[in-house]
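To start, the structure under review is shown below, and the notes come after it.
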Amino acid sequence: PPSTLIYISILSNTSNISQAMENDNYNYRYANIAPQTNLNTVIFPFDAVKMKYDTSVYVPLMTQNRLPQHDFDKFFEEVYKNCTMPNPKKFRKRLFFEFLLFIAFIIIGSASWGSSGTDDDDSWMFGIYCYCFAGFMYLFLLFDSICTAISIRSQFKAIRGQIQQIIDRDKQYFSGIGLRWRLPTDHARWIELWLDFRAQAQYMQGGQPAYQPPQY
């Protein structure tokens, strides 16, 4: 399957597990852009089109079959069952409609000015009104865009707590099989699956102290 080929590519291109974990995850602790899946962590970003997390990259081979596909799917079923996903599509439609109104007033105003013959022509004044409304629509569109961004961010913060409850509930089970679900610090734009058993194996091979998963 394509996802298997992707994973094989990840294996071939990642030579140092610890360094990959450090570079690809810790630097994104407070970021809004999802990091890339690497040998030690699988990333599932939120797909605003499908309104779900993109889990297409996952294959049980990534966890050495510690997490079968059925159990993996069950985890995300619990997420969708207990969380209200944000709907950016609804916001985009509204902003697009407001943008169309802005353009329409510009076009109507320009057409009115073009058809006016004298300065006191009614069409000239109508054009002025259209430009005024266009200016208002521009300011309203800017304000609504900012409010929309804040609203979506707040929704992701809200569902973060809901997903974290699911993660905390099953933490002991996943820890027992060398896996750990994790969320970004203050939002849920992606979900991480940390393959702690890989880091543990590397530490043991190198004669280093027992690996301790980061707690944050």
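For this chain, numbers begin at 1 and follow the sequence in order.
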Open item on the list: How about CZ on Phe76, more than 12 heavy atoms from neighbouring residues, nucleotides or ligands closer than 6.0 Å, or not?
Closed with: yes
Task: Atom CZ of Phe99 with >12 non-hydrogen neighbours under 6.0 angstrom - done: no
Task: N/O donor-acceptor pair under 3.5 Å between Ser154 side chain and Ile150 backbone - done: yes
TODO: Please work out which of the three classes, parallel, tilted or perpendicular, describes the rings of His187 and Trp190, given edges at 30° and 60°.
DONE: perpendicular
Open item on the list: Does the plane of the ring in Phe174 sit parallel, tilted or perpendicular to the ring in Phe75? Use 30° and 60° as the thresholds.
Closed with: perpendicular
Write down the atom of [X], the atom of [Y], and the distance for their closest heavy-atom approach.
X: Thr55; Y: Phe44; result: CA-CD2, 3.7 Å
X: Arg180; Y: Asp196; result: NE-OD2, 2.8 Å
X: Arg160; Y: Thr185; result: NE-O, 3.1 Å
X: Asn65; Y: Leu61; result: OD1-N, 4.1 Å
X: Leu183; Y: Ile167; result: CG-CD1, 3.9 Å

- [ ] Evaluate the side-chain proximity of Met62 to Val59: yes if any heavy-atom separation is below 4.5 Å, no if none is.
- [x] yes
TODO: Could you check if a side-chain atom of Trp181 sits within less than 4.5 angstrom of a side-chain atom of Trp194, using non-hydrogen atoms only?
DONE: no
- [ ] Assess the pair Tyr131 and Phe105: is the distance between their ring centroids shorter than 6.0 Å?
- [x] no
- [ ] Start with the C-alpha distance between Lys81 and Glu77, add both sets of side-chain angles, then the distance that settles side-chain contact (heavy atoms from CB on, under 4.5 Å), and finish with yes or no.
- [x] CA-CA 6 Å; Lys81 178 181 177 182; Glu77 287 174 2; over 6 Å; no
Approximate separation, where rounding is to 0.5 Å, of [X] [atom1] and [Y] [atom2]:
X: Arg198; Y: Gln64; atom1: CZ; atom2: CD; result: 5.0 Å
X: Glu192; Y: Asn40; atom1: CD; atom2: CG; result: 11.0 Å
X: Leu67; Y: Lys74; atom1: CG; atom2: NZ; result: 11.5 Å

TODO: Determine whether the side chains of Thr41 and Arg182 contain a donor N or O and an acceptor N or O closer than 3.5 Å.
DONE: no
Open item on the list: For Lys52, is there an ion pair with Asp47 - N to carboxylate O distance below 4.0 angstrom?
Closed with: no
TODO: Check Gln172, Gln164, Gln165 against Asp168 for a side chain to side chain donor-acceptor pair (under 3.5 Å) and give me the one that passes.
DONE: Gln164
